[in-house]
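Numbering of ligands and ligand atoms starts at 1, following listing order.
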Amino acid sequence: SGQLPQVMNWRFPMLIKRRPSWALSESEVTPESVYLNRRKFMAGTMASAAALTMPALLKAEEGGIPGDALQYKAMPAFSTDEKKAPYPAITSYNNFYEFGTDKGDPARYADAMSVDPWSVSVEGECAKTGAYALEDLLKPHQYQERIYRLRCVEAWSMVIPWVGVPLAEVLASLQPTSKAKYVYFETLHDPDQMRGQRSMFSVIDWPYREGLRMDEAMNELSFLAIGLYGKTLPNQNGAPIRLVVPWKYGFKSIKSIVRIRFMEERPKTSWEMIAPEEYGFYANVNPEVDHPRWSQKRERRLPSGLLSPNWIETVKFNGYGEQVAHLYKDMDLSRYY
Ligand SMILES: Nc1nc2c(c(=O)[nH]1)N[C@H]1C(S)=C(S)[C@@H](COP(=O)(O)O)O[C@H]1N2
Ligand SMILES: [Mo]
């Protein structure tokens, strides 16, 4: 009947060629659409989204968080003081297509991935190529906590307290050559552990791939996260190591990295490969450049309630323009989206 396409719209916003209802602008949100949204929350099997609205989770405190405690230095100069999303929200509403396209799938299924031991292959235009045990890659660096905004291209956002190391420090220690103009990353490809990679319906040509221009990668904001709320990352957030690039749409922040390659040419990246007219290589957060199927002027700051969708204005470069705008000063960002 009429219900199903709407539910699918909500559940697969990056895939379905119709504007999702939550991408409606504020002026379009009538009481009826609030009602329909509510119906979708209740009707769907999307337990996680429904759970986000439950008062019990909204009240969750920082205590009792699973994972190994990390030692780190707080970095207020690199942190927002906006209200952090509660741990249960950050860990139950995820995009990690390796485990399925439902926002709740990663929390449900990512435990099938074993993250210890973990090895990262370093390749291409650098002096220190080779296979590194994760500990060896991280050993020389002190962990930091950075509280960043994460803005998904699907027009929702969260404030997340990451623990990790500056990407620039790790890359510098690998001694890139002068030919290194880009750095490329790959996620683990292991269909035995990642049920989404076994799916016949998958649109992604595995492994998940991402990349940055070298100057973007060396920017002080680019971060390799290994933790969340002071503890090691849960698998659904990209354990044991994932990228965080806070001024770009979330899909650039690739999870569970097993390969780092320094390249002379711009690498092909997953969402650009799927739909180049919708998802570009640069993917800078930009309210002035709409997605072809929805507006990027606003975002839902999660967790949001059924009757308080919590729409806020999206800020160019996700509010990090002071640190990164100079990287794009000669570029037409509507062309290089
Ligand atoms: N390997 C991999 N990395 C990924 C994704 C993915 O599907 N696979 N999804 C991306 C998207 S679209 C977003 S918004 C963020 C979500 O990160 P989070 O689940 O930790 O909030 O991860 C990004 N990294
Ligand atoms: Mo995303």
Side-chain angles (χ1 to χ4, degrees), residues 11-15 20 22-23 48-49 52 84-110 113 115 148-164 184-191 193-197 199 202-212 223-229 232-259 269-275 278-280 283-285 291 294 296 299-303 314 318:
R11 291 173 67 191
F12 305 105
M14 287 177 87
L15 300 181
W22 45 258
S48 61
L52 277 184
K84 289 176 280 187
Y87 186 87
I90 299 170
T91 57
S92 69
Y93 186 87
N94 301 99
N95 276 333
F96 199 168
Y97 278 30
E98 282 82 344
F99 297 103
T101 50
D102 190 296
K103 292 285 185 288
D105 283 341
R108 241 175 256 133
Y109 303 120
M113 171 175 67
V115 299
Y148 280 162
R149 293 174 288 273
L150 176 86
R151 204 304 194 165
C152 177
V153 73
E154 299 163 339
W156 54 264
S157 64
M158 294 193 202
V159 173
I160 305 183
W162 303 108
V163 177
Y184 164 83
F185 303 89
E186 260 178 34
T187 295
L188 178 67
H189 183 207
D190 188 346
Q193 301 186 65
M194 299 174 132
R195 70 200 314 272
Q197 293 178 337
S199 164
S202 170
V203 294
I204 296 180
D205 179 13
W206 308 109
Y208 194 97
R209 303 148 212 227
E210 260 310 331
L212 295 169
F223 203 56
L224 282 171
I226 57 156
L228 174 62
Y229 268 108
T232 48
L233 279 177
N235 285 2
Q236 61 266 37
N237 292 90
I241 184 163
R242 60 91 55 85
L243 187 64
V244 182
V245 197
W247 72 95
K248 292 179 179 283
Y249 291 123
F251 66 84
K252 297 295 290 182
S253 293
I254 182 173
K255 296 176 169 180
S256 305
I257 295 167
V258 294
R259 195 180 307 283
T269 54
S270 286
W271 281 100
E272 193 190 10
M273 287 164 72
I274 295 163
E278 300 192 10
Y279 309 103
N284 292 312
V285 174
H291 184 279
W294 60 81
Q296 294 292 24
E299 65 204 52
R300 263 185 328 132
R301 175 60 57 85
L302 301 183
T314 289
N318 204 18

(request) Fit a plane to each ring of Tyr279 and His291, take the angle between them on a 0 to 90° scale, and name the class: parallel (under 30°), tilted (30 to 60°) or perpendicular (over 60°). (result)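 Geometry flag for His291 against Tyr279: tilted rings.
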Nearest to [atom], what protein heavy atom do you find, and at what distance?
atom: atom 21 (O) of ligand 1; result: Leu150 CD2, 3.4 Å
atom: atom 7 (O) of ligand 1; result: Tyr97 N, 2.8 Å
atom: atom 6 (C) of ligand 1; result: Tyr208 CE1, 3.4 Å
atom: atom 12 (S) of ligand 1; result: Asn95 ND2, 3.5 Å

(request) Pull out every atom of ligand 1 sitting under 4.0 Å from any heavy atom of Thr187, numbered as shown with elements. (result) 1 (N)
(message) Within the 4.0 Å heavy-atom shell around Asn237, which atoms of ligand 1 are there?
(response)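 Listed by number with element, the hits are 18 (P), 20 (O).
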Check: [X] side chain, [Y] main-chain N or O, donor-acceptor pair, under 3.5 Å:
X: Arg209; Y: Pro207; result: yes
X: Asn95; Y: Phe251; result: no
X: Gln197; Y: Asp190; result: yes

Taking all non-hydrogen atoms of both residues, which atom of [X] and which atom of [Y] are closest, and how far apart?
X: Lys252; Y: Gly211; result: NZ-O, 2.9 Å
X: Pro246; Y: Asn318; result: O-ND2, 2.8 Å
X: Lys255; Y: Thr187; result: O-OG1, 2.6 Å

(request) Can you spot which of Trp206, Phe99, Tyr208 makes a side-chain contact (heavy atoms from CB on, under 4.5 Å) with Met194? (result)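 Per the side-chain contact (heavy atoms from CB on, under 4.5 Å) rule, the option paired with Met194 is Phe99, out of Trp206, Phe99, Tyr208.
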(request) May I ask whether Ser253 has any heavy atom positioned less than 4.0 angstrom from an atom of ligand 1? (result) yes
Ligand 1 versus [X], non-hydrogen atoms closer than 4.0 Å: side chain, backbone, both, neither?
X: Asn94; result: both
X: Glu98; result: side chain
X: Ile90; result: neither
X: Arg242; result: side chain

(request) Pick whichever of Lys252, Arg209, Lys255 has a heavy atom sitting closest to atom 3 (N) of ligand 1. (result)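 Nearest heavy atom to atom 3 (N) of ligand 1 lies in Lys255.
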(message) Measuring from atom 13 (C) of ligand 1, which candidate in Ala107, Cys152, Gly250 has the nearest non-hydrogen atom?
(response)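 Nearest option to atom 13 (C) of ligand 1, by heavy atoms: Gly250.
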(request) Say whether Trp156, considering both its backbone and side-chain N or O atoms, lies within less than 3.5 Å of an N or O atom on ligand 1. (result) no
(message) Could you check whether Tyr93 and Trp156 have their ring centres less than 6.0 Å apart?
(response)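 Centroid separation for Trp156 and Tyr93: below 6.0 Å.
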